Amino acid sequence: MISIRRYLRRVLLISVTLITSIAALWSYHDTRDQINELFDAELAQTTRTMIALYFEYRGDQGRDPEQMIRDLQIEPVMVPDNPTDAPTPLGHPYEKKLGFQIWDDDGHALLGMRTPGVLETMIPAPGYAQAEGGGHDWRTFTLYDEVHGVWASAAQRDDVRDELTWQIALRNLMPPVIGVLLIALVIPFVVARGFSPLLRISRQITARRPSYLEPIDGSQAPDEIRGMVVALNGLFGRLAETLEKERRFTANAAHELRTPLAAIKVHAQNLLGDTTEARSQRGARSIIDGVDRMTRVVEQLLTLSRLESGEGRNRQTVDLTRLGRELLRDMQPLVDRRDIRFTQQIPAASSILSDENGLYVLLRNLLDNALRYTPEGGEVCLQMSSVEGRLQIEIADSGPGIPIAERERVFERFVRLAGQRTSGSGLGLSIVQELVERLGGDIRLEETSLPVASGLSVHVKLPLTG
């Protein structure tokens, strides 16, 4: 399942990066165009200035034209190379990347800076052009002065423009790059903050017990999920009402059945005492056994009803040794009747913080099952121990056991395995599982640990602190 938070963080970061990159690319090209226009204008201005200065100088000096031309020829720039292109006392290295020249109509050089490889001959075409010289590309501008009959050209190396464009672009790019990095740091915080109400409601729902159907606190829910919160609260309300009706029905039905069952049992016992015929006594005893089974089902239904309603959740310190004595006292009649060898192994002075009544019902149901399904003369053992902060309970018997494929299904209500001769309702293990979950533990079924051919071991782990 895709996380909306991860999706938003990824999409927002990619979108910001892409948009910033497009803006930076557009800014670079726009900067290059603006710099080209600026330098092109400078070339034209330089050309016009050189023509004006040349004729002003020639008119003021009144000197021999040939001598004047020799005087005005400027030698190539001798500024030493500097990797950093920094100014020096002799000038600036960029001077070698600039050039200008003036010719007469016959192509004779009149005035100029002789840059090697470019402007060595007259360019007989006015306007802008690209030239190559000295292993570099040059941008040139040529102007023809019709009044004086001279040609003038100015040249500039393209790498001057490229370097300036890159410097400006990098300076312009730094704020967006820093901005993207800051946004990348802020986006997770903003997304997490925006999703915090949704996560808070999600935690409320996740932490709920199945029986807790109170409305969700949606007072701080954003508008986008307020409708979902209202719908969930409505659903919880309807579920609570339905479960409450079911619990009331189960409890009422169980209570209503207890009275007639008790009356039937009394009449059957009276009949058993009054009659001497063996056939009538067998009939009366069958009635009593049936009533006992029905009474057990009613008691189990009442237990389930109380568990589902959330009764008996008080935690208190439970003395396990005392609890073992109470279990032995209550189970002794069944142990004696079936001639079962029942043993207990409970550490002395051991205790647990738990629901005492729930723990008693849990152990009683497990022991009752073990004693009923173990053949007469068999063995049942109850062991308790504390391991790694948890109470480990094992009830092992020498009964028929449960096939591995059926060990998950037997926890369902009213499920009984085929071929069983022992009477039952299929509710005992359902009650046990409900109690184990309520007490925060887990349960598993394994082969018996007793030295017998067959049997079942029920392992329960509960937290010592409840």
Side-chain angles (χ1 to χ4, degrees), residues 208-213 239-240 242-258 261 290 292-313 327 330-331 334 354-374 380 382 391 393-397 399-446 448 455-463:
R208 284 171 173 249
R209 293 180 177 271
S211 59
Y212 185 71
L213 297 175
L239 284 174
T242 301
L243 291 176
E244 182 60 29
K245 288 180 180 179
E246 181 183 348
R247 284 193 291 266
R248 282 201 302 267
F249 171 78
T250 303
N252 292 337
H255 280 294
E256 291 297 326
L257 285 172
R258 293 175 72 180
L261 285 175
D292 287 340
R293 288 195 298 272
M294 288 294 296
T295 302
R296 177 173 170 78
V297 172
V298 169
E299 293 295 337
Q300 289 178 327
L301 287 174
L302 284 173
T303 301
L304 276 176
S305 177
R306 286 193 293 268
L307 289 176
E308 290 175 347
S309 64
E311 293 182 10
R313 293 183 181 271
L327 287 169
D330 294 341
M331 305 306 297
L334 184 58
S354 185
D355 173 14
E356 183 173 9
N357 183 63
L359 186 58
Y360 173 81
V361 174
L362 165 67
L363 294 174
R364 180 183 173 87
N365 273 274
L366 289 176
L367 288 174
D368 186 76
N369 273 359
L371 293 172
R372 287 180 180 274
Y373 285 94
T374 298
V380 174
L382 167 63
L391 174 66
I393 302 171
E394 180 186 358
I395 297 178
D397 63 53
I402 298 176
I404 296 177
E406 301 289 340
R407 288 178 184 174
E408 291 295 331
R409 201 168 68 90
V410 294
F411 289 105
E412 299 176 10
R413 296 181 184 182
F414 301 105
V415 170
R416 303 192 72 241
L417 301 182
Q420 290 183 344
R421 297 180 180 180
T422 303
S423 63
S425 61
L427 289 173
L429 288 179
S430 299
I431 294 174
V432 168
Q433 187 179 45
E434 186 83 21
L435 285 166
V436 168
E437 291 178 356
R438 195 182 70 168
L439 295 175
D442 56 77
I443 182 172
R444 71 179 190 278
L445 306 180
E446 295 180 355
T448 185
L456 182 71
S457 281
V458 181
H459 296 267
V460 178
K461 292 184 180 180
L462 300 175

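All figures in this text were calculated on a predicted structure; none of them were measured in a lab.
- Summarising the geometry of Gly440 relative to Pro463, their closest heavy-atom pair is O-CD, 3.4 Å, with the distance given to 0.1 Å.
- Counting heavy atoms from C-beta outward, Leu456 and Thr448 have side chains that stay 4.5 Å or more apart.
- Between the CG atom of Leu371 and the CG atom of Asp397 there is a distance of 8.5 Å, given to the nearest 0.5 Å.
- For the residue pair Glu394 and Ser457, the shortest heavy atom distance occurs at OE2-OG, 3.2 Å.
- Closest approach of Gly441 to Leu462, counting heavy atoms only: CA-CD2, 3.9 Å.
- The shortest distance between side-chain heavy atoms of Asn365 and Val361 falls below 4.5 Å.
- A 4.5 Å side-chain heavy-atom check between Ile395 and Asn369 finds every atom pair outside the cut-off.
- Put simply, the side chain of Asp330 does not reach to within 4.5 Å of the side chain of Leu367, judged on heavy atoms.
- To the nearest 0.5 angstrom, Leu362 atom CG is 12.0 Å from Glu434 atom CD.
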Discussion item. Val380 vs Met331, test: side-chain contact (heavy atoms from CB on, under 4.5 Å). Steps then yes/no.
Written reply: CA-CA 12 Å; Val380 174; Met331 305 306 297; over 6 Å; no
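- Note: Leu445 CG to His459 NE2 = 9.0 Å, rounded to the nearest 0.5 Å.
- Counting heavy atoms from C-beta on, the side chains of Arg407 and Ile404 come closer than 4.5 Å.
- Within the 4.5 Å cutoff, the side chain of Leu366 has heavy atoms near those of the Leu429 side chain.
- Going from atom CD1 of Ile443 over to atom CZ of Phe411 covers 4.0 Å, rounded to the nearest 0.5 Å.
- The salt bridge (charged side-chain N to carboxylate O under 4.0 Å, His left out) search around Glu437 returns none, not counting sequence neighbours.
- Atom CD in Glu408 sits 8.0 Å away from atom CD in Gln433 (nearest 0.5 Å).
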